[in-house]
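Reviewing the structure listed below.
Quick note on labels: first sequence line is chain A, next is B, and so on, each numbered from 1. Because the structure is predicted, anything quoted here is derived from the model rather than measured.
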Amino acid sequence: MIKLYVNESLGFTERSIDEFTEVPKDRVVWLDVENPTEEEIKWLSSTIGFQMPPREVFGDIEISSKYREEGESIYMSLSFVVQQKDDIKVEPVLFFIKGRYIATLRYRDIPTLLIFLGRAQSQRLFFQFAESVFAEIVKIEVDRIGDRLEILGRRIRNLRKEILQEQSQEVVKDISYYDELNITLRESINEKLRVLSHFVKSPRVNAQTKRDIKTAIDDLSTLLDYTGFYMHKIDSIQNTLLGLISVKQNEAVKVFTVLATVFLPATLIASIYGMNFKHMPELEWRYGYPYALGLMVLVTVALLLWTKKKGWL
Amino acid sequence: MIKLYVNESLGFTERSIDEFTEVPKDRVVWLDVENPTEEEIKWLSSTIGFQMPPREVFGDIEISSKYREEGESIYMSLSFVVQQKDDIKVEPVLFFIKGRYIATLRYRDIPTLLIFLGRAQSQRLFFQFAESVFAEIVKIEVDRIGDRLEILGRRIRNLRKEILQEQSQEVVKDISYYDELNITLRESINEKLRVLSHFVKSPRVNAQTKRDIKTAIDDLSTLLDYTGFYMHKIDSIQNTLLGLISVKQNEAVKVFTVLATVFLPATLIASIYGMNFKHMPELEWRYGYPYALGLMVLVTVALLLWTKKKGWL
Amino acid sequence: MIKLYVNESLGFTERSIDEFTEVPKDRVVWLDVENPTEEEIKWLSSTIGFQMPPREVFGDIEISSKYREEGESIYMSLSFVVQQKDDIKVEPVLFFIKGRYIATLRYRDIPTLLIFLGRAQSQRLFFQFAESVFAEIVKIEVDRIGDRLEILGRRIRNLRKEILQEQSQEVVKDISYYDELNITLRESINEKLRVLSHFVKSPRVNAQTKRDIKTAIDDLSTLLDYTGFYMHKIDSIQNTLLGLISVKQNEAVKVFTVLATVFLPATLIASIYGMNFKHMPELEWRYGYPYALGLMVLVTVALLLWTKKKGWL
Amino acid sequence: MIKLYVNESLGFTERSIDEFTEVPKDRVVWLDVENPTEEEIKWLSSTIGFQMPPREVFGDIEISSKYREEGESIYMSLSFVVQQKDDIKVEPVLFFIKGRYIATLRYRDIPTLLIFLGRAQSQRLFFQFAESVFAEIVKIEVDRIGDRLEILGRRIRNLRKEILQEQSQEVVKDISYYDELNITLRESINEKLRVLSHFVKSPRVNAQTKRDIKTAIDDLSTLLDYTGFYMHKIDSIQNTLLGLISVKQNEAVKVFTVLATVFLPATLIASIYGMNFKHMPELEWRYGYPYALGLMVLVTVALLLWTKKKGWL
Amino acid sequence: MIKLYVNESLGFTERSIDEFTEVPKDRVVWLDVENPTEEEIKWLSSTIGFQMPPREVFGDIEISSKYREEGESIYMSLSFVVQQKDDIKVEPVLFFIKGRYIATLRYRDIPTLLIFLGRAQSQRLFFQFAESVFAEIVKIEVDRIGDRLEILGRRIRNLRKEILQEQSQEVVKDISYYDELNITLRESINEKLRVLSHFVKSPRVNAQTKRDIKTAIDDLSTLLDYTGFYMHKIDSIQNTLLGLISVKQNEAVKVFTVLATVFLPATLIASIYGMNFKHMPELEWRYGYPYALGLMVLVTVALLLWTKKKGWL
Ligand SMILES: [Mg+2]
Ligand SMILES: [Mg+2]
Ligand SMILES: [Mg+2]
Ligand SMILES: [Mg+2]
Ligand SMILES: [Mg+2]
Ligand SMILES: [Mg+2]
Ligand SMILES: [Mg+2]
Ligand SMILES: [Mg+2]
Ligand SMILES: [Mg+2]
Ligand SMILES: [Mg+2]
Ligand SMILES: [Mg+2]
Ligand SMILES: [Mg+2]
Ligand SMILES: [Mg+2]
Ligand SMILES: [Mg+2]
Ligand SMILES: [Mg+2]
Ligand SMILES: [Mg+2]
Ligand SMILES: [Mg+2]
Ligand SMILES: [Mg+2]
Ligand SMILES: [Mg+2]
Ligand SMILES: [Mg+2]
Ligand SMILES: [Mg+2]
Ligand SMILES: [Mg+2]
Ligand SMILES: [Mg+2]
Ligand SMILES: [Mg+2]
Ligand SMILES: [Mg+2]
Ligand SMILES: [Mg+2]
Ligand SMILES: [Mg+2]
Ligand SMILES: [Mg+2]
Ligand SMILES: [Mg+2]
Ligand SMILES: [Mg+2]
Ligand SMILES: [Mg+2]
C-alpha cells in the first residue's frame with residue numbers, strides 16, 4: 001500500500017497516487033509505502049526512480065546495506081523501536097530521498113511515522129526540502145528512545161530498592177529482560193550514529209538539515225552514555241540479587257544441617273538403650289530412664305552451645 | 001514563587017518583582033523561580049523573554065533538551081545533587097541566560113543555590129555578566145560533588161576493612177547503596193561535562209566565564225576518574241564479601257554434614273543389636289554390651305581419623 | 001592443483017594452464033591454487049613471479065606475515081570463515097597480486113571463492129584490474145560474516161527466552177559455543193581490518209578499488225560493534241542461567257534438608273519409647289501409645305510452623 | 001616547624017629562618033614546612049608571598065585544588081606514598097614555587113623528601129631554578145612508586161603459585177589488600193599525571209625542567225599500564241581461589257551426603273527387624289540374623305556401586 | 001664473559017677481546033656480555049664508553065630506566081621471553097648502541113640471541129649499522145612471541161572442548177596458568193611497544209632501521225590484539241568450567257539429600273512399631289507386619305512421586 005502525502009502550508013495533504021503527476025513541482029512529496037506489491041514497486045521505480053533492494057539485504061547489519069548513495073538518490077535503512085505487548089523490538093524502515101521526494105518503505109506499523117504525521121498536521125509543518133522530513137522523523141525517534149531510557153532508568157532504580165527488600169527468582173528474569181532491552185536500545189542508537197554520520201557528510205544534503213542531524217547525533221551520544229551506565233547498574237543489581245538469594249538459601253540449609261546433627265547423638269543414645277543385650281546394667285537401674293533422658297538433654301545442649309560459640313547458629 | 005535579586009557592590013539585594021522595571025540597566029539580575037504559577041510564567045515571558053519548555057522536556061536526558069540557544073538566550077538544564085535523608089538524589093534546575101538576566105527554575109530546594117546566595121552576600125561578590133553568576137553556581141556544585149566523592153572514598157576504604165573483620169548480609173546492602181550513589185554521581189558529572197562543553201563554545205559567553213567553566217570541566221574530569229576507581233573498588237569489595245560469606249556458610253554445612261555422617265554407623269550398630277531375632281549370639285555374650293559400645297567407638301573414631309586425613313574436618 | 005581463469009566480457013573462462021602464454025595481454029587473469037605441488041609452485045614462480053612463503057609463516061598472526069609488498073607484488077593472507085558441520089572455523093587464503101595477475105593459494109575448499117566464481121559468471125562481471133577481483137572477493141566474505149552475525153544475534157535472542165523457561169546444563173555448553181563463535185568472528189574481522197587498512201594505503205592499488213575496500217572497512221567496523229554487543233549479551237545470559245540453575249538446585253536441597261530435619265524429633269521420640277529400661281512409666285499407661293503418637297505429631301507440626309514462619313519453606 | 005635550606009655548590013645548607021634576609025639573592029631556597037603554626041604561616045605570607053589555602057581544600061580531589069597559578073606563583077598539591085606498618089597510605093604535600101623559592105607544606109614525615117635531602121647532600125646537587133628542585137622530588141617519588149609496583153608484581157606472581165598449592169580463607173584477605181594497594185597506587189599515579197600535565201604547560205617553568213617532567217610523565221604512563229595488568233591478575237586470582245575453595249568444600253559435602261544416604265537403608269532394615277509385631281516369621285528363622293546382616297550389606301554395596309557408576313563418588 | 005663478534009660478509013666472526021683494537025674501523029661489532037666481572041665492565045667503559053647502570057635499575061619498569069640516550073649512545077632494556085621447564089618467564093637484556101658498536105648485557109642464556117647468531121651465520125647477514133643488528137634481534141623476538149601466542153590460541157581452543165567433555169579441578173589450574181602466561185606476554189609486548197616507539201623517534205637511528213622497527217611495532221600491535229581476545233576467552237572458559245563443576249556437585253548433593261529424606265518416613269514407621277508400649281493394638285494384628293511394610297512402601301513411593309512431580313529428582 002502506498003500513501004501519497006503532499007506538503008503544503010497546512011501540513012500534509014493525502015492524495016490518491018493516481019493524482020501523482022498533478023502534484024505542483026515545488027512541493028515536497030512523501031510516499032509512505034507499507035508491504036508493497038510487485039506492481040507498486042514497479043510504479044515507484046518508474047515515477048521516482050526508487051530501486052527496491054533485494055529482500056535479504058533488508059535486515060543486514062553492515063553499514064553499506066544501511067547507507068547508500070546512487071546518483072542523486074540516498075538510500076538509508078534505520079531500525080525503529082516498536083513496542084510489542086511486553087516486548088521491545090526494532091523494525092527496519094528503508095528511506096529513499098531524491099530531489100523533492102522522500103519515500104519510506106516498511107513491513108509493519110511504525111509508531112514514529114504516525115506521530116510524525118500527527119505532528120505535521122497539528123503544527124502545520126512546512127518543509128522546503130525532502131531531507132528535512134527525514135530529519136524531523138529522526139528527531140521524533142530520538143526523543144522516543146530517550147523517553148524509553150528515562151523509564152528504564154527509573155525502573156532500574158526501583159529494582160534495586162525492591163531486591164534489598166525481598167529477593168525472588170522472578171526478579172532474576174526481570175533483570176535479564178532489562179538487560180536485553182538496554183542493549184537493544186544501545187544497538188539501535190549505535191546504528192543510527194553510524195548511518196547519520198555518513199548522511200551528514202553527503203553533498204546531497206542542505207546545510208539546515210545537516211545542523212538538525214548534528215543535534216540528533218549529539219543526542220544519540222548522550223543516550224549511548226546512559227545505556228553504558230545502565231549496563232553497569234543492571235550488572236551490579238544482578239550480582240547483588242544472586243548473592244542475596246544464595247546467602248538466604250544457604251542460611252536455611254546451614255541452620256537445618258546443624259539442627260539435624262544436633263538431634264543425632266540423642267537418637268544414638270536412645271538406640272543404644274534399645275539394644276537387646278542380656279547384660280545391660282543401666283536397664284535395671286531404678287532411675288535408668290530419667291538418667292538416659294538426662295544424658296540426651298545434656299549432650300544435645302552441649303552440642304548446641306558449642307555450635308553457638310563457633311558462630312554456626 | 002519568583003525571587004528577584006539585583007547584584008550590587010554589596011552582593012545581591014532582594015527586591016519585590018513589582019519593582020522590576022525600576023532596576024538600573026547596568027546591574028546583573030537573578031530571578032530565582034520555584035514552582036512557578038501560570039501567571040508567573042507569563043510574567044517571565046513578557047519581561048525577559050523566557051519561554052517555558054513543556055513539562056515533559058524537563059527530565060529529558062538528551063543533550064538537546066539540556067542545552068539550547070535561541071536568539072540571544074541560552075537555556076540549560078543541569079541536575080543538582082540533593083541529599084534526602086539517607087538517599088542521594090539529583091534534581092534538575094533550568095537556567096536561562098539573556099543579556100544581564102539569569103533565571104533559575106526548579107521544583108524544590110537546591111542546596112547549591114542557597115550556598116551561592118550566602119556566599120555572594122558574605123563575600124560581597126560583584127558580577128559584571130549574568131554568565132558569571134552561572135559559572136559561580138557551577139563551581140559550587142562541582143565542589144559539592146567533589147566533597148561527596150571524598151566522603152564516599154573514605155567510606156569505601158573503611159568498608160573493605162570492615163568486611164575483612166566481620167561478614168554480614170547487611171553490608172551487601174551498603175555496598176549496593178554505594179554503587180548506586182557512585183554511579184549517580186558519575187551520571188551527574190557526565191551530564192555536566194556534556195552541557196558545559198557546549199556552553200564553553202558559545203559566542204554568547206564572555207572570555208573570563210569561559211576560563212572559569214574550563215576549570216570546572218577540568219575538575220569534573222578528575223572527579224570522573226575517581227568514580228571509575230570507586231566502581232572497581234566497590235566491585236572488588238562485593239566479590240570479596242560474597243566470597244567470604246559463602247565460604248563461611250559452606251564451612252558450617254561441611255562440618256555438620258561430616259559430623260552427622262560420622263554418627264550414623266554407631267546408630268546402625270545400635271539398631272542392629274536392637275533387632276528382635278531369636279538367634280543372635282552376641283546378645284547372650286557376657287560382655288556383649290561393652291563389646292557393642294566398643295565397636296561403636298571404634299568405627300566412629302576410625303571414620304573421624306579418615307576424615308581428618310582427607311582434610312575434610 | 002592450479003586453475004586458470006581469464007576474465008572476459010562474459011565473466012571468467014577457465015583455460016588449461018598450458019595455454020597460459022596465449023592469454024591476451026589486456027585480460028585480468030585469476031590463478032586459483034589448491035594444495036600446490038612442488039612443480040606447480042615452481043611454475044608460478046617462473047611465470048608470474050610468485051614466491052611461496054615458508055609453510056610456518058602461513059598461520060602466523062603478525063601483520064607482517066599477513067601483508068607484504070615486494071617490488072610490484074602484494075602478498076596478503078586473510079582468514080576465511082568455513083562452516084564445518086557444527087563447528088565454525090577460519091582457514092587462511094594467501095593472495096598474490098601483480099599487474100593483471102591475481103593468485104589465490106589455499107589448502108582446502110573456501111566457500112567464498114566458489115560464490116565469487118558463480119557470481120562472476122552469472123552476472124558476467126568484467127574487471128579492469130586484478131585488485132578489483134580481490135575487492136569483490138572481500139566484499140562477499142564481509143557479507144557472509146555479516147549474515148552469520150545476524151543469525152547469531154537471533155539465536156542469542158532466542159537463547160535468553162529459552163533459559164527463562166527452562167534451565168538445563170546443556171544450554172551452558174551452547175552458550176560457551178556461541179561465545180567461541182562470536183570471538184572467532186571478532187578475531188577474523190579484526191584481522192581483515194588490519195590487513196585492509198594497509199592495502200588501502202598502497203600506491204599499487206587503483207582509486208576505485210580503494211573506494212570499494214574503504215566500504216568494506218566501514219562494514220567490518222559495524223560488524224565489530226555487533227560482536228561487542230554479543231559479548232555482553234552472552235556474558236549476561238550465562239550469568240543469568242548459572243544463577244537460575246544454582247537457585248533451583250539449592251531450593252531442592254533446602255526443602256529436603258528442612259524436611260529431613262523435621263522428621264528427626266519424631267524418630268527420636270519413637271527411639272526413646274523403644275528403649276528397654278525396666279522402669280518406664282509411660283509404657284504402662286493405658287493411652288501411652290496414642291500419647292506418644294500425639295507427641296510426635298505435635299513436635300513435627302510445631303517445627304513445620306516455625307520453619308514456615310521463618311520463611312525457610 | 002619551618003626548615004630553611006639554601007642550595008649551594010655542596011648541596012643544601014640548613015640555616016635558621018632568622019637568617020632568611022641574609023641569603024644571597026642568586027641561590028635557590030627550599031622552605032620545608034611541617035605542621036605550621038599560625039605565626040609561621042604569617043611569616044611565609046609576608047616573606048615569600050605564600051597564601052595558605054583553607055584547610056578543607058587540602059584533601060580535595062579536584063584538579064583546581066591541586067594545581068593553581070597565581071601571579072608569579074604556582075601552587076601544587078600532590079599525594080605521596082607513605083608506608084605505615086602493613087598499610088600503604090598516601091599523604092598530600094603542598095608545593096609552592098615562586099622565583100627562586102620553593103616551599104613544601106605537609107602534616108607528617110614524607111620519606112621522599114628525606115631521600116631527596118640525603119641525595120642532594122651526598123651528590124652535592126646544584127639547582128639553577130626552584131622548579132628543578134620540584135622535578136627532582138617528583139623523579140624520586142616516581143622511582144619509589146615504580147619499586148613498590150615491582151614488589152607488588154612479584155607478590156602477585158607468588159600468590160598465584162600459592163593458591164594452586166593450598167587454598168585458605170586468609171588468602172582472600174591478602175588478595176583484597178593487594179587490590180586496594182594497587183588501586184591506591186593507580187589513583188596516585190593518575191593524580192600526578194593530571195597535575196604534571198598542567199605544570200608542563202606553564203610559561204613559568206623553564207625548558208630543562210619541562211623535559212625532566214615529561215620524562216616523569218612517560219614513566220608514570222608505563223606505571224599506569226602495570227596497575228592495569230595487576231588489576232586483571234588480581235581479579236583472575238581471586239576468581240580462581242574462590243572457585244577452588246568452593247569446589248573443595250562442596251566436594252566434602254557431596255562425599256558425606258552420599259555416605260550418609262548409603263547408610264540409611266541398612267538402618268531402615270535394622271529398624272524393621274526391631275519392630276515388636278507378634279507375627280514376624282523372619283525373627284523365628286534359624287539364620288534370620290545372618291540373613292538380615294547379609295541383606296544390609298547387599299543393599300549398601302548395591303547403592304555404593306550405583307553411586308560410583310553415576311560418577312557421584 | 002664478553003664475546004666479541006665482528007660482522008663480515010660471511011656473518012659474524014668471533015674474535016678474542018684482546019684483538020679488539022685490531023678490528024677494521026668499517027665493521028659493525030657486537031659485544032655479547034653475560035654476567036660481567038668488575039674488570040670487564042671497566043674494559044667496556046674504557047673501550048666503547050659503556051657506563052654500567054646501577055644493578056637496582058636493571059629490573060625497573062619505568063620507561064626512563066628502559067630507554068635512555070646519552071651523547072651518541074642509546075641504552076635500552078627489553079625483557080625477552082625465556083622458556084623454563086613448564087614455566088614462561090621474561091628476562092631483561094640491556095642493549096647499548098654507539099656508532100658501529102652494539103653491546104648486549106644479560107645474566108642468563110637468551111634463546112633469541114642464540115637464534116640470531118645462528119641465522120646471521122647461516123644466512124651470512126651483513127649489517128651496515130649497529131642499529132640494524134638490534135632491529136634483527138627484535139624481529140626474531142617478535143616472531144617468537146607470535147609463535148607462542150599461536151600455540152596458546154590452539155591450546156585455549158582445545159581447552160574449551162575439553163571442559164565441555166569432562167570437568168576436573170586440575171583444569172582450573174591450567175586455566176590460571178594460561179591466564180598468567182597470556183598476561184605475561186601482554187606485559188612484554190606492551191613494554192616493547194613503549195621502548196620501540198621512543199627508539200623510532202631518535203635522530204641517532206638510520207631510516208632503514210626505522211622502517212624495520214615500524215614493522216615490528218605493527219606486528220606487536222596485532223599480537224596485543226590477540227592477548228585481548230585470549231583474555232576474554234580464558235575468562236569465559238573459567239566461568240563455564242566453574243559453573244559446570246558447581247552444577248555437577250550440587251546435582252549429587254541434591255539427589256542424595258532427596259534420597260536420604262525419602263527413607264526417613266519408613267524409618268520413623270519402623271521405629272514407631274519398635275516402641276515398647278504395653279497397649280499397641282497393631283502389634284497383635286495377624287497381618288500387622290505386612291501392614292507396616294506396606295505402609296512404609298506406600299509412604300516412600302508417595303514421597304518419591306511428589307518429588308518427581310516437583311521436578312526435584
Ligand atoms: Mg557495567
Ligand atoms: Mg560490573
Ligand atoms: Mg558499564
Ligand atoms: Mg556491565
Ligand atoms: Mg559493577
Ligand atoms: Mg559477576
Ligand atoms: Mg568496577
Ligand atoms: Mg573501574
Ligand atoms: Mg570496576
Ligand atoms: Mg569487576
Ligand atoms: Mg576487580
Ligand atoms: Mg567478578
Ligand atoms: Mg564482554
Ligand atoms: Mg559482557
Ligand atoms: Mg561484554
Ligand atoms: Mg564474567
Ligand atoms: Mg553484563
Ligand atoms: Mg557480567
Ligand atoms: Mg562472574
Ligand atoms: Mg582486570
Ligand atoms: Mg585489567
Ligand atoms: Mg580487573
Ligand atoms: Mg571481578
Ligand atoms: Mg571476573
Ligand atoms: Mg580476568
Ligand atoms: Mg566472574
Ligand atoms: Mg579478562
Ligand atoms: Mg577477558
Ligand atoms: Mg570477559
Ligand atoms: Mg578481553
Ligand atoms: Mg566473557
Residue among A:W285, A:F256, A:Y287 with most heavy-atom pairs under 4.5 Å to chain C: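 Winner by heavy-atom pair count: A:F256.
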Below 4.5 Å, heavy-atom pairs only: which of A:Y273, A:Y289, A:F263 has the largest tally toward chain C?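 Answer, by heavy-atom pair count under 4.5 Å with chain C: A:Y289.
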Return yes if some donor-acceptor pair links the side-chain N/O of C:K278 with the main-chain N/O of A:L283 below 3.5 Å, else return no.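 Checked: no pair found.
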Examine distances only and state if a side-chain atom of C:D219 and a backbone atom of A:E62 form a donor-acceptor pair shorter than 3.5 Å.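 Flag not set: sc C:D219 to bb A:E62 has no pair under 3.5 Å.
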Highest number of heavy-atom pairs under 4.5 Å with chain A: which of [options]?
options: C:V253, C:L244, C:I269, C:L149; answer: C:L244
options: C:V247, C:D147, C:V255, C:L264; answer: C:V247
options: C:L223, C:D225, C:T257, C:D218; answer: C:D225
options: C:P281, C:A216, C:A260, C:P265; answer: C:P265

Could you tell me which portion of [X] (side chain, backbone, both or neither) has an atom closer than 4.5 angstrom to a non-hydrogen atom of chain C?
X: A:N250; result: side chain
X: A:M275; result: backbone
X: A:I234; result: neither
X: A:N190; result: side chain
X: A:L259; result: both
X: A:T261; result: neither

Show, in sequence, the C-alpha distance, side-chain angles and deciding distance for A:E180 and C:R157, and conclude whether the side-chain contact (heavy atoms from CB on, under 4.5 Å) test is met. CA-CA 8 Å; A:E180 172 76 29; C:R157 204 178 153 87; 3.1 Å; yes
A quick test of your reading: do over 12 heavy atoms of other residues, nucleotides or ligands sit less than 6.0 Å from [atom1] of [X]?
X: A:R204; atom1: CZ; result: yes
X: A:K254; atom1: NZ; result: yes
X: A:R155; atom1: CZ; result: no

Using non-hydrogen atoms and a 4.5 Å limit, figure out which bit of [X] sits close to chain A: side chain, backbone, both or neither.
X: C:E282; value: side chain
X: C:K161; value: side chain
X: C:L268; value: both

Answer yes when C:R160 and A:D179 have at least one side-chain N-carboxylate O distance shorter than 4.0 Å, and no when they do not.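 Looking at A:D179 together with C:R160, the answer is yes, because their closest N to O distance falls below 4.0 Å.
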Taking C:K233 first and then A:E187, would you say they form a salt bridge - that is, a charged N and a carboxylate O separated by under 4.0 Å?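 Salt bridge: yes.
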How far apart are the closest heavy atoms of A:I61 and C:G146, and which atoms are they?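 The answer is CD1-O, 3.9 Å.
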A:I63 CD1 to C:T215 OG1 distance, which is reported to the nearest 0.5 Å: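 Output value for this atom pair is 10.5 Å.
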Nearest 0.5 Å, please: how far is CD1 in A:I272 from OG in C:S271?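 If we round to the nearest 0.5 Å, C:S271:OG and A:I272:CD1 are 11.5 Å apart.
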Any C:Q249 side-chain heavy atom under 4.5 Å of A:Q249 side chain: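 They are not in side-chain contact.
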Is there side-chain contact between A:F277 and C:N276, with at least one heavy-atom pair below 4.5 Å?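 SC-SC contact between A:F277 and C:N276 ruled out.
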Using the side-chain contact (heavy atoms from CB on, under 4.5 Å) rule, pick out the option among A:L242, A:V172, A:I175 that qualifies with C:T240.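 Of all the options given, the one that passes is A:V172.
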